[in-house]
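Here is the structure we will look at, set down as structure tokens.
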Amino acid sequence: MLFDTHVHLNADQFEEDLEETIERAQEAGVQYMTVVGFDRKTIPKAMDIAERYENIYAAVGWHPVDAIDMTDEDLQWIEELSQHPKVVAIGEMGLDYHWDKSPKDVQKEVFRKQIRLARKVKMPIVIHNREATDDIVEILKEENAAEVGGIMHCYSGPVETAQECIDMNFMISLGGPVTFKNAKLPKEVAKAVDLEHLLVETDSPFLAPHPNRGKRNEPAYVKLVAEQIAELKGISYQEVSETTTSNALEFFGIQSQ
Ligand SMILES: [Zn+2]
Ligand SMILES: [Zn+2]
């Protein structure tokens, strides 16, 4: 059994074969997923998928790359959606310094607003971080994100920062990069962080794990991530899949079935 904690089945890349993709995931043992919506187009699609499939949940938030587009109405909309029974987290949110569509100060403000919203509705947050680790940790501290906790999605930072985030009630979610031969940091994190603080994800359709690197990613491949963690920790695949699944169920507050 596996829980892919971060998928974009709502992306255009799955328009043609969503049903088949979900079937392949189930055949690979992926029983649960969280679909992430992060703008005006992908949020309704995430809600639609979560409403149609029993074991698929939704996270709703605003992506830092598009921070400049977020209005007060959008924030209000996310707050309303947070009350939906299938919504389990606010996000993804965070900082992305790789692309320069939204200036840093705008990204930071939109990030802070969403943390405050999550604290108001008492929901955990999903963090997107690209080349912005120090600023993210600083804002999480300043905004007291520890009160709700969250997930460092597709974490690729150093072990020390992972530990700092764990101390703020965050889970560390590993994705495809942990399987890449040259990905030193994710492998170190997989070894060093206790299994009780780890989650697995694909971030489909992005970041496909080895040996599918460069192709469209899909939730079935989360098995490759779990297998790699098992190998790095020197424990069984079964232990990794069972523990990360129960971690995710507990984190999202889902009753297992
Ligand atoms: Zn992301
Ligand atoms: Zn994502």
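Every value quoted in this text rests on a predicted model; they were computed, and no experiment measured them. Counting convention: from 1, in listed order, for ligands and their atoms alike.
Checked by atom type, the side-chain pair His210/Gln228 shows no donor-acceptor distance below 3.5 Å. Checked by atom type, the side-chain pair Asp135/Tyr97 shows a donor-acceptor distance below 3.5 Å. For the residue pair Asn247 / Thr244, no side-chain donor-acceptor distance below 3.5 Å is found, with atom types taken as modelled.
His128 contributes ND1 as its N, O or S atom closest to the Zn ion (ligand 1). The N, O or S atom of His8 with the smallest distance to the Zn ion (ligand 2) is NE2. Nearest to the Zn ion (ligand 2), among the N, O or S atoms that Asp203 has, is OD1.
Across every non-hydrogen atom of Leu2 and Ala226, the tightest pair is CD2-CB, 3.8 Å.
Distance check for His6 against the Zn ion (ligand 2): an N/O/S atom falls below 2.8 Å. The nearest N, O or S atom of His63 is not closer to the Zn ion (ligand 2) than 2.8 Å.
The NE2 atom of His153 and the OE1 atom of Glu92 subtend an angle of 100° at the Zn ion (ligand 1), given to the nearest 10 degrees.
Classification of the Tyr32-Phe3 ring pair by plane angle, with boundaries at 30° and 60°, yields parallel.
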